[in-house]
Asker: 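To start, I am sharing the structure in question, which I have written as structure tokens.
Any value given below was found using the heavy atoms of this structure, including those in side chains, with hydrogens, waters and symmetry copies removed. Below, read A as the first sequence line, B as the second, and so on, with proteins coming before strands; counting in each chain starts at 1.
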Amino acid sequence: MSDAVSEKNTALMEKIVSLSKRRGFIFQSAEIYGGLNGCWDYGPLGAELKRNLKEYWWRKNVQEREDILGLDGSILTHQDVLKASGHVGGFSDPMCDCLLSKARLRADQIEPQSGTAYHYTGASHEESGWSVDRPYSVLLQEGQDPNKAKKTARLYYAQFLTDKQISPKKLELAGETTEAVENSTHYNPENGSLLTEPREFNLMFKTHMGASADDGDESSVAYLRPETAQSIFVQFKNVAETNRVKLPFGIAQIGKSFRNEINPRNYTFRSREFEQMEIEFFCRGEDGLALTEEWLERRLTFYEEIGIPREHLHVLDVPDGERAHYSKKTYDIEYAFPFGIQELEGVAYRTDYDLSKHKEHSGKPLEFFDDETKEKLIPHVVEPSAGCDRTVLALICEAYDEETVTNEKGKQEVRTVMRFSPRMAPIKVGVFPLLKNKPELVEKAREIQAMLSPFMNVFYDETAAIGRRYRRQDEVGTPFCVTVDFDTLGESGDEAKDTVTLRHRDSMEQERIAIADLRNFLLDRIA
RNA sequence: GCGGGUAUAGCUUAGUGGUAAAGCCCUAGCCUUCCAAGCUAGUUAUGUGGGUUCGAUUCCCACUACCCGCUCCA
């Protein structure tokens, strides 16, 4: 991305963040206490938007399908579940940081080095009287100039100088000793600098169950789930046995997951608490790859249905070596956010890895008896796993639009419109009396509000000029507004009686519609 | 985790070592017969904690949060 484009996108993102706050989509968590890093709250409109997304996903994937069943698993997770899945232990790679370059290296990928280690205890600068006491070492390969060790060490100690005008070359090193070293992974192969001790980066939130449990009691350890998938695998047998299913079939879940991200970024995109919408679609091994393709297509269609067009999505065929080790095929569905192209959903063929692992660790039979082939097997699984909060953010970014319109005085002004698809829009219709000081108009508008509100989210507004009310609704993405005027009351004859103005958000066009037809007109467009 | 930047009202911005300003928004009233009209009145702010100072929103330090670039993302 060029600097100019990147600046423009940062500005766009700032506008989106600002509107989200101003209109009550997204607030910072615990804002009055200074905020909580990586946590966000949805305000009234954000909550509606997110509900609309989740409900549509659930309807399409669970309620309208005979072959997918719902589940709502607990968030607190038995430690053995996550040991079996590999989340405890295996995947928490210890990392080392280079003390000089600050590069972070995976401890298990550092090539062992041999040579001579030069140890120092500190450094000082005679003229200014500055000094630092801190052990540091440099490893030199055989044949390297010993002065290189001094040079590297001076650069290291120079980081602590308060007066940055002092040249590292002027530093006196203290307490030099040397030592022969064989196959050590404590040094950065790039520059010979000492590394920090390997540190675990386990991104799971750990807790202890029971009021009397203390931190030392390993048996009381539980975790907040890092993904919703595991409870589906763990309950696979119960669901299969209580529901007369046959392959292929799926189990779907929407719910919160937690990852203690080192570095939450990009607004709500990477947060520590997030919601997932996942399906584990169980199948015979030979169908896995074909079903992965099928699910990819189905998921892309879903995004189109909620207002994210195909051309704004990227499909990444995750190459060998970058996929999880158990996955034979993974597609990432990515969206072009203002801050970059980022993943919304992964569609992964996970083979029979998960169920096999749980069978192994629990010692319980997790085979499925296939009535058609009279065969017992561990089903394979295709997993479309979507980030709910990420998709909400994508909906907001996709909807945001500014257009220049000419007002009645002939002046150009900017109209901010959230072009949500009517299906996702937090408010479906605004209902206004043309004037608030005419009780007959107010009464009629209130009637319409009462008539529609059992079926959809209706917003009634009588303050300010009618144009302002329209613009307010534009900014929160309300697709339709209806206005009760004097024609509605029959002032210009029976033909217009009991009709209202229906105003369209995107075109700003208006049409006349009978109150009796309103409900079905709107329901047809928001379903 | 590293480096850089930022923090004044709901939003956008101004300003000052000595009473913190404006526009928009919002609320109430009047007015108003379809696209941010007008008039009147009103609410709301220096992120948190220290330090320097007679006095700090302003200077210094720390913390927190957000943004940008790395790193990381099982």
Asker: Under 4.0 Å between a side-chain N/O of A/N266 and OP1 or OP2 of B/C68, yes or no?
Answerer: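 Affirmative; the distance criterion is met.
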Asker: For B/U32, give the paired nucleotide (Watson-Crick: N1-N3 plus N6-O4 or O6-N4; G-U: N1-O2 and O6-N3; both under 3.5 Å), or none.
Answerer: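 Per the H-bond distance test, none.
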Asker: Nearest heavy atom decides the nucleotide; on that basis, is A/R259 or A/C39 closer to the 5' end of RNA chain B?
Answerer: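 Residue closer to the 5' terminus by nearest nucleotide: A/C39.
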Asker: Rounding to an integer number of angstrom, what distance separates B/U58 and B/C2 when you compare their C1' atoms?
Answerer: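 Those two atoms are separated by 30 Å.
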Asker: Under a 4.0 Å N-O cut-off, is there an ion pair linking A/D317 with A/K329?
Answerer: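 Judged by the 4.0 Å cut-off on N to carboxylate O distance, A/D317 and A/K329 do form a salt bridge.
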Asker: Which sits closer to the 5' end of RNA chain B, A/T501 or A/E14, going by the nucleotide each is nearest to?
Answerer: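 Its nearest nucleotide being more 5', the pick is A/T501.
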Asker: Any chance NE2 of A/H314 has more than 12 other-residue heavy atoms, nucleotides or ligands included, within less than 6.0 Å?
Answerer: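 Enclosed.
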Asker: Over all strands shown, is A/E491 touching base, sugar-phosphate only, or nothing at heavy-atom distances under 4.0 angstrom?
Answerer: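 Base, at least one base atom sits under 4.0 Å.
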Asker: If you check every side-chain atom of A/M508, which of B/C35, B/C70, B/U32 has the closest atom?
Answerer: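 Per side-chain heavy atoms of A/M508, the pick is B/C35.
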Asker: Got a salt bridge between A/R468 and A/D461, using NZ or NE/NH1/NH2 to carboxylate O under 4.0 Å?
Answerer: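 Salt bridge absent between A/R468 and A/D461.
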Asker: When you measure only distances, ignoring hydrogens and angles, does the side chain of A/R23 come within 3.5 Å of the base of B/G10 through a donor and an acceptor?
Answerer: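 No, no donor-acceptor pair under 3.5 Å.
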Asker: Please measure how far the C1' atom in B/A22 lies from the corresponding atom in B/U44, and state the result in whole Å.
Answerer: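 Result for the C1' pair: 15 Å, nearest Å.
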Asker: Would the base of B/C67 count as contacting A/T10 through its side chain, where contact means a donor and an acceptor less than 3.5 Å apart?
Answerer: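 It does not, because no donor-acceptor pair links the side chain of A/T10 to the base of B/C67 below 3.5 Å.
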Asker: In whole Å, what is the span from the CD atom of A/E413 to the C1' atom of B/C35?
Answerer: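 A/E413 atom CD is separated from B/C35 atom C1' by 8 Å.
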Asker: Find the partner of B/A9: check Watson-Crick (N1-N3 plus N6-O4 or O6-N4) and G-U wobble (N1-O2, O6-N3) distances, both under 3.5 Å, and reply none if neither fits.
Answerer: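 Result: none.
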Asker: Centroid-to-centroid, A/Y331 to A/W295, below 6.0 Å?
Answerer: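 No, ring centres 6.0 Å or more apart.
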Asker: Scan residues 463-478 of chain A against RNA chain B and write down, sorted by residue number, each residue with any heavy atom closer than 4.0 Å; if none is found, say none.
Answerer: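 Close to the strand are A/A465, A/I466, A/G467, A/R468, A/Y470, A/R471, A/R472.
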Asker: Between A/E475 and A/R472, does any NZ, NE, NH1 or NH2 come within less than 4.0 Å of an OD or OE carboxylate oxygen?
Answerer: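 Not counted as a salt bridge, because no side-chain N and carboxylate O are separated by less than 4.0 Å.
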Asker: Could you tell me the Watson-Crick or G-U partner of B/C2, where both distances fall under 3.5 Å? Say none if there is no partner.
Answerer: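 Paired with B/G69.
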Asker: So, is A/K438 close to the B/U33 phosphate, meaning a side-chain N or O under 4.0 Å from OP1 or OP2?
Answerer: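 No, no such contact exists.
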Asker: Across the strands shown, which category fits A/D485 at heavy-atom distances under 4.0 angstrom: base, sugar-phosphate, nothing?
Answerer: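 Base contact.
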Asker: Does the base of B/C72 carry an N or O that pairs as donor and acceptor with the side chain of A/N263 under 3.5 Å?
Answerer: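 For A/N263, whose side chain was compared with the base of B/C72, there is no donor-acceptor pair (under 3.5 Å).
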Asker: Kindly say whether, by distance alone, the side chain of A/E261 makes a donor-acceptor pair under 3.5 Å with the base of B/C73?
Answerer: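 No.
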Asker: Please work out if A/Y267 contacts a base, only the sugar-phosphate, or nothing of the nucleic acid, heavy-atom cut-off 4.0 Å.
Answerer: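 Since only primed, P, OP1 and OP2 atoms lie under 4.0 Å of A/Y267, the category is sugar-phosphate.
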Asker: Pairing donors with acceptors under 3.5 angstrom, does anything connect the side chains of A/R225 and A/T77?
Answerer: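 Judged by distance alone, the side chains do not pair up.
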Asker: Is any NZ, NE, NH1 or NH2 atom of the basic residue among A/K359 and A/D352 found under 4.0 Å from an Asp or Glu carboxylate oxygen of the other?
Answerer: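 Looking at A/K359 and A/D352, the cut-off is not met.
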Asker: Which nucleotide, in any strand shown, forms a Watson-Crick or G-U wobble pair with B/C59, with both distances under 3.5 Å?
Answerer: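 By the stated definition (distances under 3.5 Å), B/G51 pairs with B/C59.
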Asker: Using the C1' atom as the point on both nucleotides, what is the distance between B/C59 and B/U16, in whole Å?
Answerer: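 About 13 Å, rounded to a whole number of Å.
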Asker: Among B/C2, B/A74, B/U33, find the nucleotide with the atom closest to the side chain of A/F486.
Answerer: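 Output: B/U33.
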Asker: Without swapping roles, check the side chain of A/D401 against the backbone of A/V417 for a donor-acceptor pair under 3.5 Å.
Answerer: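 No; judged by distance alone, with no hydrogens or angles, the pair does not exist.
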